[in-house]
Amino acid sequence: MQLQKTPTSLVFGVNGERFELSHVHPSTTLLEFLRTHTRFKSAKLGCGEGGCGACVVLISRYDPVLEQVEDFTASSCLTLLCSIHGCSITTSEGIGNSKEGFHPIHERFAGFHATQCGFCTPGMCVSLFGTLLNAEKSDRAEPPDGFSKVTVSEAEKAIAGNLCRCTGYRPIADVCKSFAADVDMEDLGFNSFWKKGENRDLKVSRLPRYDRNQLSSRFPTFLKEIKQDVFLASEKHSWHRPISLTQLQSLLKSNNSNGSRIKIVVSNTGMGYYKDKEDYDKYIDLRGISELSKIRMDRTGIDIGAAVTISKAIEVLREDIRGDFLSDYVMILEKIADHMSKVASGFIRNTASVGGNLVMAQRNNFPSDIAVILLAVDAMVHIMTGTQFEWLTLEEFLERPALGLESVLLSIKIPNLELNQSESSEPRSRFLFETYRASPRPLGNALPYLNAAFMVKVSPCKDSGGTIIDTCRLSFGVYGSKHAIRGNKVEELLSGKLLSTSVLYDAVDLITSTIASQDDKAITAYRSSLAAGFIFQFFNPLIDSPERISNGYLNGYNNHPFAQDFELKVSQKQIPHDKVPTLLTSGKQVLEAGCEHLPVGEPIVKSGAALQASGEAVFVDDIPSPPNCLHGAYIYSAKPLARVRSIKLTPELQMDRVRDVISSKDIPNGGENIGSKTIFGIEPLFAEEEARCVGERLAFVVADTQKVADMAANSAVVDYDTENLEPPILSVEDAVERSSFFEVPSVVYPKEVGDISKGMAEADQKILSAEMKLGSQYYFYMEPQTALAVPDEDNCITVYSSNQCPESTHSIIARCLGIPESNVRVITRRVGGGFGGKSIKAMPVATSCALAAHKLQRPVRIYLNRKTDMIMAGGRHPMKITYSVGFRNDGKITALKLQILVNAGIYVDISAIMPHNVVSALKKYDWGTLACDVKVCRTNHPSRSAMRGPGEVQGSFIAEAIIENVAATLSKDVDSVRSINLHTYNSLQSFYEYSHGEPNEYTLPMIWNELAVSANYDQRTKMVQEFNRINTWKKRGISRVPVVFQLMQRPTPGKVSIFSDGSVVVEVGGIEVGQGLWTKVKQMAAYALGAIQCDGIGGLLDKIRVIQSDTVSLIQGGFTAGSTTSESSCEAVRLCCNILVERLKPLKENLQKEMGSINWETLILQAYMQAVNLSASSFYVPSMSSMSYLNYGAAISEVEIDLLNGETRFLQTDIIYDCGQSLNPAVDLGQIEGAFVQGLGYFMLEEYQTNLDGLVLQDGTWNYKIPTIDTIPLQFNVQILNSGHHQHRVLSSKASGEPPLLLAASIHCATRAAVKEARKQLLSWSNQEGEDSIFQLGVPATMPVVKALCGFDNVERYLKWKMGRT
């Protein structure tokens, strides 16, 4: 068959609209096309790696042979546009929208309060839609009306690969579960559909109706006739889709002769890991070759084509093929499928190929799970090189030099090993197979620290009744080495042996030396201990209970290692399809709606929630590019301290679509090199002669597209010079040595409480100069930094910015350009997650675009790629703490003296406030007396900035760590030490001089006691003790932690205008960042205008619209931070409404006399006719008595740790939080849950480290792991305390944005309690009694950290103890 010579057109559909393209650059992704060439903007760019789910779309492909449509979700950021020829694409707008009607998915996201910033929501909706669509194709029983065929478990996992930084996932899980036929309606959390106590049928009837019959993806008929082969060509680039191996051979042969750069693709998901560093001339899509997409089965085994997707392979391996094979082989295939289902996430597995995964492992040493599990089953691979074909074992394939471009992997064979058994072999011998994966996320979407797969043939020993190992294959994925390996020495040791504790000890001892990697020593030790744990988990049950191997399901479903876990009731033919039990998450929400100031206090649905879900809510990057728009990208420093001699672009990029390189030299006369400012100082926009940290902005490349700008910036060559420069300061210790500190104004420096020397003298015991360190955390807002600047007439400029501080940004742009502030306008509609990272750090991004637009007189926009964002962000402040504490024998602390070194980075940013914030949160306990020496260190790191609870998170945790250490020293129960050191109202007055409030406002003691009762704390503590007594390899811990948080209100403007039809528009200084500010403001406007008391006022809420922030329309907007912007904005709006009501009252009274009654519309129309001013502005300035206040809460968390791999499962969290009189309990509930889960990330999961130069090591979704739906508390209970009247608060309300984050320390403290039990047990194995309770659990307490404290050698020590060795 000849190769196609005539180029064809690319034809596809998007939401039913036809697109036909004849010229496409083959590297163009589907996402790029959707966002730049269509009106559909719901698919978002969150990471560009397939790791976040923000870009998920549904792809539908028609099979003319079967006359069926295949539907699957996919990451559009990795899917190449040329690969979707003949396909139909559905985005969230295509599922439903505001014009044609929202889909029940969108309505339920809104009604379950499951969206906050809304940036990730459309991707979540499509993931769920794809799951529902495919469930309907199954042959399961018909579900009840209004439900899907999907199960609760499948529904929860539908969004397992989608990240959300705002909500904490619990309400999203409820949305998903609400569609499942087997859902327990009582298990669904707080929502706007039904009231508490209503029966099941009523609840079902109130849900937005889901009609399965309307679910068809409506595949367009115009695509059914499209021929599948496609050939696209331009002068430089071509896309080929051969349909036979002969065509492929001839393409590869022609490539050899002309030396063009070639890329072979199946789905391009590998680009998520290995970014394209070069441009390719020729792309060859292998999916047209039918041989590569087939799965063949015969009695010798299963042959999987290399282009078969991982999802398809899982489906086939789980299919009902058991009649063809014996039970052991079926069991092996099942377990391979189970392990594969933890590779990446569903929308990646749907397109990623099995062959592509293995080729990346062979060619690039990709840490492949699939290579490891297939190596254990002795898989074979079929290779084509030129016209030569050969079969190799997978082991041989991996050992070979990297596969050349002329070689193509055709298929992978999983042999039926039972055929290899000789006829005379012992009939009772069995194959046992198990796979292992130690990963920070149980459901996948994270590379494991180590994985392994073991296949062992065993037979019973007639004489001893024990187990003989006939043969074994043990494979491990050894990171840092070349590829997956066999544990050959251990295999030799075990083969032919009668299994015993001593044999197992020798095997464990041997395997630890086999697992070596090129990483640091700690991670190598961890991986060795994991390998030992895997070996132990597999073989130990065979020693303890050999009779239990008859089924071959060695490890139940959670790899529990002891006999009681192996009561296997599954017959040989009944293999469970889904061995992971239902994830989640259920929760109880207790909250009270206010009724005094309606509609304030009602849990109304978040403003714009359905629009966010459908993807119609407009973020900055969704604004269509104006004509002639250019795109920017940063060139940043790779050195912590160096002179910059020159910056050059690579020659091919100098002229090709790059328009300029902007630097400090381009700042106009009269302008300043200023990028951001705070009350403490400024930061330059660009480094001038010296770069002072890694990630400092050197220049701004401006090009025709974002892709070209990013490529140009990445390839820039910077010439550095470090001669005669002092070494950079890269630690707080260096800063102290060289006296490199930022000045902290005395007004914000914390004062000493009491006489510290007297307090120390009163102590019975002391801990002196104890040290601890806390690391950083990255914001991981789902929307990276972004801005669009549009030059205007008369030297003016308008900038659209995703920004928490538009007012300051406005001022900085004016100063940088040297123009009056009246010439600048900054507009912010909404922010896709901020958490403080869109405050100071967003200013230079907007200013860079403004400077480039001002110089070039063309619009300029930027969308910072995730890696650059992570390198520049700075994040949370790391710190080193040294403390001395004095305490009495009963646990009451009498004195605390602290020295804290805060790593602020190179510019001051907000860092000078850190001493105040750290100490403020630390004062939650009565320390008797307190003295602090806090130094803010200037280092050559990127400047740290505000991140949700800046300083307070660290301060609150430091307090808990000190309490833990005191309790350990005294051998006392830590909860009793916490309780004895809680404030009385008198001590609260001493520690919080100006914000302690009235005695009845101090609700913490009541919360503390009520939580113990509602969470059943005492009984659960006993249950934890009993669990720990009877379980060897799992330990639990439980902990109760309080929070006291000092909040500050700031001056805030507001403006309310009433139109002639009675509709109302509201402007406020605060920015909607997902915290529900617009929703609360709408409620407040409706309440305050309702004071006019005319007819029809009840429907006022629907007439009110809150609009975007515009720095020209509303000045002095301040900044959105510190949790109190919502209440301050509400109060500003109330003042405006009060003015309007006063203006309307005389008119209303006159009209009432004339007409008897009057409705709102008539009143407003009359006011217009009588020239009443219906626009009012206000500036709310809090009084001294209302400016500062305290907020209180407490949490109890229970965890379970696995002593073999260090994994921590978060079993239950109970929170009681004081919201005063909540302005909107649904919004506050979301803030509490979301903040807590973000804190859980800081304390348990998220590592944000730098190398010796200060370069961030975690720079993407592959290595920075925020919480996911499978890493939140399984039971998550929240009670919002409606604590009565607070005369100095805004309608008695209190803030909820930041304080709950601090409560996540309860998870860390519970983990410490579990680790303490593990260490006690470890001592007992060494025949030592007592406790090893004085230790530090690092932050974050990741799996390696927990495992290190439980003992890297705990398996060896256990086996030694068991053998009676000393």
Please indicate whether Lys897 has more than 12 foreign heavy atoms, meaning atoms of other residues, nucleotides or ligands, lying under 6.0 Å from its NZ.
no
Taking NZ, NE, NH1 and NH2 as the nitrogens, is one of them in Lys1265 or Glu1247 under 4.0 Å from a carboxylate oxygen of the other?
no
Step-by-step side-chain hydrogen bond (donor to acceptor under 3.5 Å, both in side chains) determination, Tyr1264 to Glu1246
CA-CA 6 Å; Tyr1264 192 83; Glu1246 299 172 35; 2.5 Å; yes
Is it the case that Ser637 and Glu696 place a side-chain donor and acceptor less than 3.5 Å from each other?
no
Listed partners of Asp621 passing side-chain contact (heavy atoms from CB on, under 4.5 Å), at least two apart
Arg35, Thr786, Arg861, Tyr863
Could you check whether His877 and Ser776, counting side-chain N and O atoms only, form a donor-acceptor pair closer than 3.5 Å?
no
Report the C-alpha distance between Glu726 and Arg738 in whole Å, list the side-chain angles of each, state the deciding distance to 0.1 Å, and finish with yes or no for salt bridge (charged side-chain N to carboxylate O under 4.0 Å, His left out).
CA-CA 11 Å; Glu726 284 196 13; Arg738 288 162 61 178; 2.7 Å; yes
Residue pair Tyr781 / Ser802, side-chain donor-acceptor N/O under 3.5 Å
no
In terms of heavy-atom contacts, does CD of Gln1249 have more than 12 from other residues, nucleotides or ligands at under 6.0 Å?
yes
Should Glu690 and Arg645 be marked as a salt bridge (charged side-chain N to carboxylate O under 4.0 Å, His left out) after you check the CA-CA gap, both sets of side-chain angles, and the distance that decides it?
CA-CA 9 Å; Glu690 272 183 14; Arg645 292 169 126 185; over 6 Å; no
CA sep, side-chain torsions, deciding dist, call: Arg948, Gln1238, side chain to side chain contact (heavy atoms under 4.5 Å, CB included)
CA-CA 9 Å; Arg948 202 173 193 171; Gln1238 197 169 55; 2.8 Å; yes
Residue pair Ala912 / Val744: nearest heavy atoms and the distance that separates them:
O-CG1, 3.4 Å
For His916 together with Tyr749, are the ring centres under 6.0 Å from each other?
no
How about Val934 and Met914: do any of their side-chain heavy atoms sit closer than 4.5 Å?
no
A quick test of your reading: do over 12 heavy atoms of other residues, nucleotides or ligands sit less than 6.0 Å from CD of Gln857?
yes
Which atom pair, heavy atoms only, marks the closest approach of Lys841 to Ala873?
CE-O, 3.0 Å
If only atom types and distance count, is the side chain of Asn673 paired as donor or acceptor with the main-chain N or O of Phe686 below 3.5 Å?
yes
Does the Asp869 side chain pair with the main chain of Gln785, one donor and one acceptor, at a distance under 3.5 Å?
yes
Test item: Lys935 side-chain N/O and Ala735 main-chain N/O as donor-acceptor pair under 3.5 Å:
no
Got more than 12 heavy atoms from elsewhere within 6.0 Å of NZ, Lys867?
no
Looking at Tyr1248, is Arg876 sitting on its ring face, NZ or CZ under 6.0 Å from the six-membered ring centre and within 45 degrees of the normal?
no
Give the C-alpha distance, both sets of side-chain angles, the deciding distance and a yes or no for side-chain hydrogen bond (donor to acceptor under 3.5 Å, both in side chains) between Glu49 and Thr1261.
CA-CA 7 Å; Glu49 299 178 325; Thr1261 56; 2.6 Å; yes
